[in-house]
Amino acid sequence: MKDIELEYKVVGSGKSILILETGIGGSFYNWYPFIQEIQEDFTIVMYHRAGYGNSPVSKELRTTKNIAEELYELIDRIGITEKFVLIGHSFGGLCVQQFSKMYSHKIKGVILIDSTSYNFNKLYNLDIPVMNSLISIDKMVENNMENSNKSKEELNIKFKNMIVEYENTLPYSEAKDYEELITNPLFFKTIAKEFENWGISSENILELGDFPNIPLIVITRDKAVSVKAFVEHDIPVEEAILYEDTWRELQIELSHSSKKGELVIAEGSDHDIHIDRPDIIIQCLKRFL
């Protein structure tokens, strides 16, 4: 037993249950507009991984294996006994891949939304020096450890625009909860620890063998949109194209994980498909009703 009391919210009135695994450094608050569109059709369970929001920091390594075990115990504690749909965005998708292989008997279907691949190292072995100087795993660990060494006041200043945005869209109490999340140095230490363990996590997933024979929908971003966004952030266009071509290959590979797998391309969307093209995710979800 992990014996950790994770923060969660249950929203909606539908008969079908949907469990959401958010991306690295994200929160369920970012998903509220999307959740509002599906709450009549689904009962949605949103939660914060250990070290996020009001979920306490875990002493366990931040691997997808430990994260999956913690989620399984949360599901048991809530009392969910029927099969559910499991959604994972970005790194949350890597966590979902792990969970699906460990607990396939619990799952009705899986939707991976622009998910991190278990073969993510292919991206960082590319000849993309400018991009790697900005978004390599080591760089992400470094950036988040720097934030973890800042004071609450310094983080409040750094993320003021995001705090104000949520103050304008969330009820007061939840806006304050978000402010607590984004100004907590331990939150950023947790993110760094998740990044640090991507290699171990990928090995854990591969060691579990084949993906179970359950419905799998892999929704991925529009290459042209993402290339444009990278170039606007001073990434050389040839690096951006190479990266996006490889990202798409990894998404296709993920869609082939299950005999019941398929790939859906979210045209006009960058990485945050639940914001850019929520309609596509909703169309996919309706197949499980």
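The figures here come from the full heavy-atom set of this structure, side chains too, leaving out hydrogens, waters and symmetry mates.
- You'll find the ring centres of Y178 and F159 outside the 6.0 Å limit.
- Within 6.0 Å of NE2 in H233 there are 12 or fewer heavy atoms belonging to other residues, nucleotides or ligands.
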Yes or no on side chain to side chain contact (heavy atoms under 4.5 Å, CB included) for W31 and H274, after CA distance, side-chain angles and deciding distance?
-> CA-CA 7 Å; W31 284 78; H274 61 293; 3.4 Å; yes
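- A salt bridge links E244 with R221; the closest basic N to acidic carboxylate O contact falls under 4.0 Å.
- Counting only N and O atoms by type, the side chains of Y52 and E194 include a donor and acceptor under 3.5 Å apart.
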Carefully, step by step, assess S226 and D270 under the rule side-chain hydrogen bond (donor to acceptor under 3.5 Å, both in side chains).
-> CA-CA 5 Å; S226 295; D270 203 348; 2.7 Å; yes
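- If you chain together hydrophobic residues whose side chains sit under 4.5 Å apart, L289 and L285 fall into the same group.
- Tested against T220 for a side-chain contact (heavy atoms from CB on, under 4.5 Å), the candidates L254, I265, I273, I252 yield a single pass: I265.
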Could you go step by step and tell me if I44 and F42 meet the side chain to side chain contact (heavy atoms under 4.5 Å, CB included) rule?
-> CA-CA 6 Å; I44 306 106; F42 290 89; 4.0 Å; yes
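- A donor-acceptor contact shorter than 3.5 Å links the side chain of E154 to the backbone of S151.
- Ion pairing between E232 and K228 holds under the 4.0 Å rule for side-chain N and carboxylate O.
- Both I137 and L250 are part of a single hydrophobic cluster, where members link through side-chain heavy atoms under 4.5 Å apart.
- E7 places a side-chain N or O within 3.5 Å of a backbone atom of N54 that can act as its donor or acceptor partner.
- A donor-acceptor pair is defined here as one N or O able to donate and one able to accept, closer than 3.5 Å; such a pair exists between the side chain of K101 and the backbone of G209.
- Between N197 atom CG and R62 atom CZ the span is 8.5 Å, to the nearest 0.5 Å.
- Looking at N66, its side chain does come within 3.5 Å of a backbone N or O of L61 through a donor-acceptor pair.
- Under a 3.5 Å cut-off, the side chain of S90 and the backbone N or O of S115 do not form any donor-acceptor pair.
- When hydrophobic clusters are built by joining Ile, Leu, Val, Met, Phe, Trp and Tyr residues whose side-chain heavy atoms come closer than 4.5 Å, directly or via intermediates, V57 is not grouped with M145.
- Using a 4.5 Å heavy-atom cutoff, the side chains of N30 and Y32 are not in contact.
- Summarising the local packing, CD of E40 is surrounded by 12 or fewer heavy atoms from other residues, nucleotides or ligands at distances under 6.0 Å.
- Cluster annotation: L94 is connected to I135 through the hydrophobic network of ILVMFWY side chains, with a link wherever side-chain heavy atoms come within less than 4.5 Å.
- Around atom CG of N125, more than 12 heavy atoms belonging to other residues, nucleotides or ligands sit under 6.0 Å away.
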For side-chain hydrogen bond (donor to acceptor under 3.5 Å, both in side chains), just list the numbers for N156 and E179, CA-CA rounded to whole Å, side-chain angles, deciding distance to a tenth of an Å, and then say yes or no.
-> CA-CA 8 Å; N156 194 295; E179 182 177 348; 2.9 Å; yes
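- Between F187 and H48, a ring centre-to-centre spacing not shorter than 6.0 Å is recorded.
- Ion pairing of E82 with K106 is absent here, as no side-chain N (NZ or NE/NH1/NH2) approaches a carboxylate O to less than 4.0 Å.
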Dump the intermediate steps for salt bridge (charged side-chain N to carboxylate O under 4.0 Å, His left out) on K122 and E249, then the final yes or no.
-> CA-CA 10 Å; K122 287 185 178 179; E249 290 171 7; over 6 Å; no
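- Side-chain polar atoms of K189 and N149 form no donor-acceptor pair below 3.5 angstrom.
- Here the CD1 atom belonging to I87 is positioned 9.0 Å from the CD1 atom belonging to I217, to the nearest 0.5 angstrom.
- For the pair K65 and E69, the salt-bridge criterion is met [side-chain N within less than 4.0 Å of a carboxylate O].
- One finds the OG1 atom of T169 at 7.0 Å from the OH atom of Y166 (value rounded to the nearest 0.5 Å).
- Note: E174 CD to L181 CG = 12.0 Å, rounded to the nearest 0.5 Å.
- A donor atom on one side chain and an acceptor atom on the other are found under 3.5 Å apart for N119 and E253.
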I would like to know whether D245 and K223 meet salt bridge (charged side-chain N to carboxylate O under 4.0 Å, His left out); could you show each step before the answer?
-> CA-CA 7 Å; D245 284 345; K223 287 198 294 185; 3.0 Å; yes
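- Going from atom CD1 of I214 over to atom OG of S257 covers 10.5 Å, rounded to the nearest 0.5 Å.
- Between H271 and W247, the ring planes are perpendicular. Angles over 60° get that label, and only those under 30° would be called parallel.
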Should E203 and Y118 be marked as a side-chain hydrogen bond (donor to acceptor under 3.5 Å, both in side chains) after you check the CA-CA gap, both sets of side-chain angles, and the distance that decides it?
-> CA-CA 8 Å; E203 290 173 9; Y118 55 84; over 6 Å; no
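- A 6.0 Å sphere centred on NZ of K286 holds no more than 12 heavy atoms belonging to other residues, nucleotides or ligands.
- Heavy-atom contacts from other residues, nucleotides or ligands closer than 6.0 Å to CG of D127 number 12 or fewer.
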Working for side chain to side chain contact (heavy atoms under 4.5 Å, CB included), residues I219 and L112 = CA-CA 6 Å; I219 307 175; L112 299 178; over 6 Å; no
Step by step, would you call V264 with V218 a side chain to side chain contact (heavy atoms under 4.5 Å, CB included)?
-> CA-CA 6 Å; V264 175; V218 176; over 6 Å; no
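- When atom types are taken as modelled, the side chain of N144 and the backbone of A192 share no donor-acceptor pair closer than 3.5 angstrom.
- Aromatic rings from F28 and Y47 are positioned such that their centres are separated by 6.0 Å or more.
- When the options I67, V96, T22, I191 are evaluated for a side-chain contact (heavy atoms from CB on, under 4.5 Å) with F91, the one that passes is I67.
- Under a cut-off of 6.0 angstrom, the local environment of CD in E267 is sparse, with at most 12 non-hydrogen atoms contributed by other residues, nucleotides or ligands.
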Are R77 and E5 close enough, and set up right, to give a salt bridge (charged side-chain N to carboxylate O under 4.0 Å, His left out), and what steps lead you there?
-> CA-CA 9 Å; R77 189 163 69 250; E5 295 284 338; 3.4 Å; yes
